[in-house]
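This report refers to the structure that appears directly beneath it.
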Amino acid sequence: SVMVNNCLNNSPFYTVDLKINPSRIQRILFVGFTFIVFNYLGALAYNDRLSESIFSLTGFGAVLLVVNNRISKFLIVKDRWKAVYPSFPFRIAVNQGGSYLTMKGYALRYFELNKLVGKQVVLLTVAPAIALKRKAQKHGYKFTGTINNILDLEDEVLGYVLHLVENHEHKELITEKRLLIVPKQYGQKTSFDYPIVSLHKIPDGFSLKTLSDFKKLPFIDWFVVSEQKEIDA
């Protein structure tokens, strides 16, 4: 999965408009793997080794399900190169409810945010869920700025640095010129088609080169983010 991802990111055919749908890849791989499994089991059964084929189905099928899930998740960022080393396809995720195993990989929302790098964007608090559809913010916070660069954080998380416009709103809340955007990792389905992100303060003078865990930065709120022209249209 990492090697394929590296090839995509460093390919001469790279384009920022490339969008990979993990669900579609999983379906295609599932059909292919299913074909392989049934051919394998059929060969064993033909050679009077049916009991062995049934026993093999459990372990072989479990491995393919893990591979199918992991290899379908990519992070498309130009020239990004990640070191390849042996590792489990799972990691331990920790949240307020406790810790649990989760499959490694990247959320689909990363593709949407990568296209916004270098562009002016608008962030609206998630609370007014239909605010974007009405093209108006009834309550909550609104920030406007430009996404300038991407940070590679720990636990396979990307962060996006937002530079606020010079005369932004809510100066009573935000005195910093930079904020960190992090895509929501779980439960991303919403009633609208904009990425949900958490917004964090970056203290003035703070070196982003030393940042690995975004949770160490002060949390502001949950937001949806979109290119500004989509909001102002």
Side-chain angles (χ1 to χ4, degrees), residues 1-34 36-37 40 56-117 147-161 180-188 195 197-198 200 202 206-217:
S1 179
V2 174
M3 289 189 288
V4 172
N5 207 150
N6 286 340
C7 290
L8 291 172
N9 290 338
N10 293 273
S11 168
F13 301 102
Y14 173 91
T15 170
V16 72
D17 295 322
L18 176 65
K19 182 175 180 178
I20 298 177
N21 189 327
S23 298
R24 185 167 181 267
I25 295 177
Q26 286 181 11
R27 288 195 297 269
I28 294 174
L29 291 176
F30 181 78
V31 172
F33 286 150
T34 301
I36 293 173
V37 168
Y40 170 69
S56 300
L57 179 62
T58 304
F60 193 46
V63 171
L64 289 182
L65 285 175
V66 172
V67 172
N68 186 39
N69 191 302
R70 178 66 183 97
I71 203 171
S72 60
K73 296 180 178 179
F74 299 112
L75 183 60
I76 307 303
V77 179
K78 184 174 176 58
D79 297 330
R80 183 178 187 269
W81 189 274
K82 184 176 180 181
V84 180
Y85 54 87
S87 65
F88 288 106
F90 305 97
R91 65 182 176 88
I92 299 177
V94 180
N95 60 18
Q96 295 179 349
S99 60
Y100 53 92
L101 284 177
T102 181
M103 184 69 66
K104 290 182 178 179
Y106 301 98
L108 182 60
R109 292 306 188 190
Y110 280 118
F111 298 113
E112 314 295 338
L113 291 172
N114 290 344
K115 295 179 181 179
L116 298 178
V117 175
I147 297 179
N148 282 2
N149 55 310
I150 303 175
L151 301 179
D152 213 339
L153 307 175
E154 65 181 21
D155 292 334
E156 297 188 322
V157 174
L158 287 189
Y160 300 78
V161 180
L180 182 68
I181 296 173
V182 180
K184 194 172 190 296
Q185 303 299 305
Y186 308 101
Q188 297 178 69
V197 299
S198 60
H200 305 261
I202 302 176
F206 182 84
S207 175
L208 293 175
K209 294 181 180 180
T210 62
L211 178 65
S212 59
D213 185 2
F214 68 92
K215 296 177 183 178
K216 294 180 180 179
L217 297 177

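Atom set for the values below is all heavy atoms of this structure, side chains included, hydrogens, waters and symmetry mates excluded. Counting from 1, the numbers follow the sequence of the chain as shown.
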task: List the steps and the verdict of side-chain contact (heavy atoms from CB on, under 4.5 Å) for Phe206 and Leu217.
output: CA-CA 10 Å; Phe206 182 84; Leu217 297 177; 4.2 Å; yes

- prompt: Any donor-acceptor pair under 3.5 Å linking the side chain of Asn6 with the backbone of Trp81?
  reply: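 Not confirmed, Asn6 side chain does not pair with Trp81 backbone.
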
message: Donor-acceptor check, side chain of Asn148 to backbone of Val117, threshold 3.5 angstrom: yes or no?
response: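 No; judged by distance alone, with no hydrogens or angles, the pair does not exist.
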
- prompt: Considering all heavy atoms of both residues, which atom of Pro183 and which atom of Val197 are nearest to each other, and what is their separation?
  reply: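 Nearest pair, atom of Pro183 first, then Val197: CA-CG1, 4.0 Å.
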
query: Passes side-chain contact (heavy atoms from CB on, under 4.5 Å), Leu180 versus Leu211? Steps please.
result: CA-CA 11 Å; Leu180 182 68; Leu211 178 65; 4.0 Å; yes

field: Partner of Tyr160 under side chain to side chain contact (heavy atoms under 4.5 Å, CB included), chosen from Val182, Asn149, Ile147
entry: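 Considering Val182, Asn149, Ile147, a side chain to side chain contact (heavy atoms under 4.5 Å, CB included) with Tyr160 is found only for Ile147.
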
Starting at [atom1] of [X], measure out to [atom2] of [Y] and round the result to the nearest 0.5 Å.
X      : Y      : atom1 : atom2 : answer
Asp79  : Asn9   : CG    : CG    : 8.0 Å
Lys216 : His200 : NZ    : NE2   : 13.5 Å
Asn5   : Met3   : CG    : CE    : 11.5 Å

task: Kindly write out the residues that satisfy side-chain contact (heavy atoms from CB on, under 4.5 Å) with Val31, not counting sequence neighbours, or none if the list is empty.
output: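 Listed in chain order: nothing, the list is empty.
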
task: Output all residues satisfying side-chain hydrogen bond (donor to acceptor under 3.5 Å, both in side chains) with Ser1, sequence neighbours left out; order by chain, then residue number.
output: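 Only Arg70 meet the side-chain hydrogen bond (donor to acceptor under 3.5 Å, both in side chains) criterion with Ser1.
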
message: Just checking Phe33: does its CZ atom have more than 12 heavy atoms from other residues, nucleotides or ligands closer to it than 6.0 angstrom?
response: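 Buried by this count: over 12 neighbours within 6.0 Å.
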
